[in-house]
Amino acid sequence: MSDTPSKPLNFLEQIITRDLDGGITSKVITRFPPEPNGHLHIGHAKSICLNFGLAERFGGECNLRFDDTNPEKEEQEYVDAIKRDVSWLGFNWAGEVRYASDYFDQFYEWALHLIREGKAYVCHLSAEETKEYRGWATKPGKDSPYRERSVAENLAEFEKMRAGEYDEGQCVLRAKIDMASPNMNMRDPMLYRIRKQSHHQTGDKWCIYPTYDFAHGQEDAIEGVTHSICTLEFADHRPLYEWFIDNLPVPAEPRQYEFARLELNYTVTSKRKLKQLVDEGHVDGWNDPRMPTISGMRRRGYTPASLRTFCEMIGVTKSGSTIDVGQLEYCVRDDLNNNAPRAMCVLDPIKVVVQNFDEADFSGAMVQPAHPNKPELGERELPFGRELYIDRADFSEDTTLSRKKFKRLVMGEYVRLRGAYVIKAEEAVKDSDGNITELRVSLVPGTVGENPPEGIKPRGVIHWVNAEDCLDCEVRLYDRLFNDAAPDAGDKNYLDAINPESLRILSGCKAEKGLAQAQPEQGFQFEREGYFCLDSQYSSDDKLVFNRTIGLKDNWGKSV
RNA sequence: UGGGGUGUAGCCAAGCGGUAAGGCAGCGGGUUUUGAUCCCGUCAUGCGAAGGUUCGAAUCCUUCCACCCCAGCCA
């Protein structure tokens with residue numbers, strides 16, 4: 001036994017443990033059931049981690065099943081993207097991908113079964129009439145005039161529906177349950193509706209499609225799902241889920257459990273809103289690095305591990321909660337800090353000329369570990385020459401700046417070049433507008449890897465690159481997409497909360513030579529700047545584009 | 001309003017009648033050739049409120065309050 005306290009079980013883990021111990025379940029089967037009508041986002045990641053994670057933890061299996069019961073909004077493109085996202089997160093679904101549409105024949109048989117049992121009927125009420133008949137919270141509904149049709153008539157009518165003899169909206173198949181139920185879902189819910197559209201999986205085979213309610217529990221039963229986990233808003237559907245399981249000759253009895261979906265502040269996650277951001281060009285596609293989509297976060301530089309850690313960290317409960325994005329950001333920062341190789345990149349370069357370069361006792365290159373506490377990641381070479389670049393913000397002519405407030409280069413004073421020499425600022429060359437165009441410095445010999453002689457106190461450590469062989473690159477600084485913690489709360493228009501500075505494109509940045517080997521999505525820490533990765537879309541052999549995943553934690557200024 | 005669900009720190013979250021875990025954020029300090037990391041310390045006389053039961057209540061009972069969800073031929 002390890003002495004680290006184990007994480008307490010969440011309520012689902014407690015239920016599963018109980019079911020396993022009590023012999024109610026022999027092998028846990030879960031499923032992740034997306035509808036292929038949009039791209040996956042961070043909220044789905046929670047569900048994915050939950051379902052796959054539970055299966056993993058208890059030695060079970062998790063299926064990937066597309067809930068494709070509505071051809072109206074679904075597309076193959078989404079199916080492909082979803083598979084890609086789930087795989088990227090690092091999960092393997094059991095067997096082949098499943099589709100609700102794989103079971104359409106079976107659902108049809110079961111519909112027939114209910115009709116024969118007198119538990120379902122074809123209803124010709126219009127949508128508006130149906131709504132009226134349904135009643136209201138305090139008002140019980142009225143029975144449809146078609147409710148008491150004979151089995152034979154229902155069979156015939158349903159066959160006509162299936163055969164395409166009715167148009168969309170003319171009739172539906174409904175379960176005969178209870179029009180006075182306080183639970184609206186039990187007031188004779190729809191089982192089948194007519195949709196004369198081809199389906200991405202079944203083509204034109206069907207013109208009637210089962211509803212979510214008529215499909216979900218039965219799919220679970222067919223697949224032997226033991227614990228069917230969904231979000232809170234489906235809790236009201238559970239009695240209906242159970243009604244189908246009880247009234248149909250299904251091969252198993254899955255149970256439904258609900259948990260609270262993930263909400264993040266400074267973020268919107270509704271499919272409709274994300275689609276609007278894309279369609280109206282507020283962002284650069286579904287995988288824009290500012291999007292909370294899996295593909296967007298991936299392009300931004302989030303790692304699968306960081307997302308999984310996050311989902312693990314926030315817990316699983318039934319209380320509606322909004323997590324601080326800071327917690328998500330902490331997870332990537334932590335993962336990247338532990339694993340990302342270090343590099344230097346000057347974002348706003350100012351040329352530096354080392355006037356006594358010939359006194360350098362190291363010509364050629366400095367050597368630095370790729371990671372300060374991971375020697376196994378190897379070393380990198382930092383060429384060093386007469387001309388360098390440092391960041392404009394790392395130099396000041398103001399000699400009154402205190403050492404505590406400004407730990408960088410000041411005219412006439414010393415600073416350490418990360419991994420190289422201590423230098424002293426001697427002179428600033430300016431253009432006619434007073435902008436510094438070049439900085440002349442001198443190096444202190446013998447200070448590579450060594451402390452400077454007595455009396456020389458560098459104010460701090462700054463990053464730099466060698467002018468001769470550094471790489472020109474573009475750096476994209478991303479910030480939160482919204483300035484408002486709750487962009488879509490109340491009757492606010494979330495578009496008004498868009499952060500106009502959520503993307504800043506910096507060109508002419510100078511990266512250390514070794515970064516030429518960077519692979520798209522591979523994370524690096526640009527020392528003193530943050531975590532970056534090569535953009536998978538805009539980077540090419542002759543143009544390097546780096547995305548800032550997240551900045552370094554920045555405490556200074558708060559306490560000085 | 002009928003039904004369903006939820007209230008523990010700024011944000012999450014353990015707790016399951018024996019005297020409020022942990023994480024994020026914050027604050028104070030130490031180490032540091034990254035203002036990062038790391039390390040140490042600190043952070044609820046209090047569990048939505050009020051009553052009650054009990055030697056003992058965040059946990060049990062009663063009433064009340066607040067917030068979320070449902071009332072699609074969406075999922």
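Sequence lines set the chain letters: A, B, ... in the order given, protein chains first and strands last, and positions in each chain run from 1. Treat the numbers as computed from the prediction; the structure is a model and nothing was measured. All heavy atoms count here, side chains included; hydrogens, waters and symmetry mates do not.
Nearest to the side-chain atoms of A:F406 among the listed nucleotides B:C73, B:G35, B:U1 stands B:G35. With B:C73, B:G5, B:G3 as the candidates, the nucleotide lying closest to the side chain of A:P182 is B:G3. Of the listed nucleotides (B:C11, B:G5, B:A14), B:A14 has the atom at the smallest distance from the side chain of A:P8. Side chain of A:A137, nearest nucleotide from B:C11, B:U34, B:A71: B:A71. The listed nucleotides are B:A13, B:G23, B:A71; the one nearest the side chain of A:M184 is B:A71. For A:R193, taking side-chain heavy atoms from C-beta onward, the closest of the listed nucleotides B:C73, B:C11, B:A13 is B:C73. Considering only the side chain of A:N337, B:U37 comes nearest among B:U37, B:G2, B:G5. Of the listed nucleotides (B:A25, B:G35, B:C38), B:C38 has the atom at the smallest distance from the side chain of A:D334. Side-chain proximity of A:M313 to B:C73, B:C24, B:U1: nearest is B:C24. The nucleotide whose nearest atom lies closest to any side-chain atom of A:K553 is, among B:A36, B:G23, B:C12, B:A36.
Geometrically, A:R480 engages A:Y266 in a cation-pi contact, judged by NZ or CZ lying under 6.0 Å from the ring centre and within 45° of the ring axis.
If you check every strand for non-hydrogen atoms under 4.0 Å, A:E450 touches a base. A:Q327 comes within contact range of at least one nucleobase, with a heavy-atom separation under 4.0 Å. Within 4.0 Å (heavy atoms only), A:L125 reaches at least one base atom of the nucleic acid. Residue A:V325 is out of contact with every strand shown, counting any heavy-atom pair closer than 4.0 Å. No contact: A:R238 has no heavy atom under 4.0 Å from any strand. Residue-level contact check: A:P34 touches neither bases nor backbone, having no heavy atom under 4.0 Å from any strand. Contacts of A:A235 with the nucleic acid, taken as non-hydrogen atoms under 4.0 Å apart, involve only primed sugar atoms and P, OP1 or OP2. Among the atoms of the strands shown, none is found under 4.0 Å from any heavy atom of A:G530.
Remark: B:U63 base-pairs with B:A49; criterion is Watson-Crick or G-U wobble with both hydrogen-bond distances under 3.5 Å. Shown here, B:G26 forms a base pair with B:U42; the pair counts as Watson-Crick or G-U wobble because both key distances fall under 3.5 Å. Applying the Watson-Crick and G-U wobble criteria (two distances, each under 3.5 Å), B:G2 pairs with B:C70. With a cut-off of 3.5 Å on both Watson-Crick or G-U wobble distances, the partner of B:C55 is given as B:G18.
In terms of phosphate contacts, A:T69 brings a side-chain nitrogen or oxygen within less than 4.0 Å of OP1 or OP2 of B:A75. For B:G35, the OP1/OP2 oxygens have no side-chain nitrogen or oxygen of A:R403 closer than 4.0 Å. In terms of phosphate contacts, A:Q14 brings a side-chain nitrogen or oxygen within less than 4.0 Å of OP1 or OP2 of B:G15. For A:R134, a side-chain nitrogen or oxygen approaches OP1 or OP2 of B:G72 to under 4.0 Å. In terms of phosphate contacts, A:Y212 brings no side-chain nitrogen or oxygen within less than 4.0 Å of OP1 or OP2 of B:C74. A:T317 has a side-chain polar atom (N or O) that falls below the 4.0 Å cut-off from OP1 or OP2 of B:A13. A close approach under 4.0 Å does not occur between any side-chain nitrogen or oxygen of A:S319 and OP1 or OP2 of B:C12.
Ring-centre distance between A:F158 and A:Y108: below the 6.0 Å cut-off.
Taking atom C1' in both B:U33 and B:C38, the straight-line distance is 16 Å, to the nearest Å. Comparing B:A9 with B:A13, their C1' atoms are spaced 11 Å from each other, to the whole Å. Here the separation of B:G48 from B:A14, taken at their P atoms, is 14 Å to the nearest Å. Distance check on atom C1': B:U31 versus B:C40 gives 11 Å, rounded to whole Å. Comparing the P positions of B:A71 and B:G7 gives a spacing of 24 Å, expressed to the nearest Å. B:C43 sits 23 Å from B:U37 when the C1' atoms are compared, rounded to a whole Å. Between B:G15 and B:A75, the two C1' atoms lie 35 Å apart (nearest whole Å). Rounded to the nearest Å, the gap between the C1' atom of B:U59 and that of B:U53 is 13 Å.
Judged by distance alone, the side chain of A:N10 and the main-chain N or O of A:G315 form no donor-acceptor pair under 3.5 Å. Judged purely by atom type and a 3.5 angstrom limit, A:D391 uses its side chain to pair as donor or acceptor with the backbone of A:D348. Using modelled atom types, no side-chain atom of A:D213 and backbone atom of A:L191 make a donor-acceptor pair closer than 3.5 Å.
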### Message
Pair A:H200, A:Y78 - check ring-ring contact (aromatic ring centres under 6.0 Å, His included), show working.
### Response
CA-CA 11 Å; A:H200 54 102; A:Y78 294 126; 9.4 Å; no
### Message
ring-ring contact (aromatic ring centres under 6.0 Å, His included), that's the test. Do A:F384 and A:W464 meet it? Break it down for me.
### Response
CA-CA 10 Å; A:F384 184 86; A:W464 57 279; 5.4 Å; yes
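In this structure, A:F107 and A:Y103 have perpendicular ring planes: the angle between them is above 60°, well past the 30° mark.
Atom CG in A:L9 sits about 14 Å away from atom C1' in B:A13, given to the nearest Å. Note: CZ (A:R418) to P (B:U37) measures 14 Å, nearest angstrom. For the pair A:R195 CZ and B:C74 C1', the computed distance is 9 Å after rounding to whole Å. For the pair A:H237 NE2 and B:A71 P, the interatomic distance rounds to 7 Å; values are reported in whole Å. A:F66 has its CZ atom 18 Å from the C1' atom of B:C74, to the nearest Å.
In the interface, the side chain of A:E258 is not paired with the base of B:G5 through any donor and acceptor atom under 3.5 Å apart. For A:R408 and B:G35, a side-chain-to-base donor-acceptor distance below 3.5 Å is present, hydrogens and geometry of angles not being considered. Judged by distance alone with a 3.5 Å cut-off, no donor-acceptor contact links the side chain of A:R528 to the base of B:U34. Within 3.5 Å, no donor on the side chain of A:E529 pairs with an acceptor on the base of B:U34, nor the reverse.
The side-chain contact (heavy atoms from CB on, under 4.5 Å) test with A:Y414 is passed by exactly one of A:V444, A:L409, A:V441: A:V444.
Between A:R98 and A:E219 there is no salt bridge, since no side-chain nitrogen of the basic residue lies less than 4.0 Å from a carboxylate oxygen of the acidic one.
Glycosidic conformation of B:G72 is syn; the angle stays within 90° of 0.
Each of A:Q525 and A:D236 was assigned the nucleotide of RNA chain B with the nearest heavy atom; the assignment lying further toward the 5' end belongs to A:D236. Residues A:R416 and A:E233 both approach RNA chain B. Their nearest nucleotides, taken by heavy-atom distance, put A:R416 toward the 5′ side.
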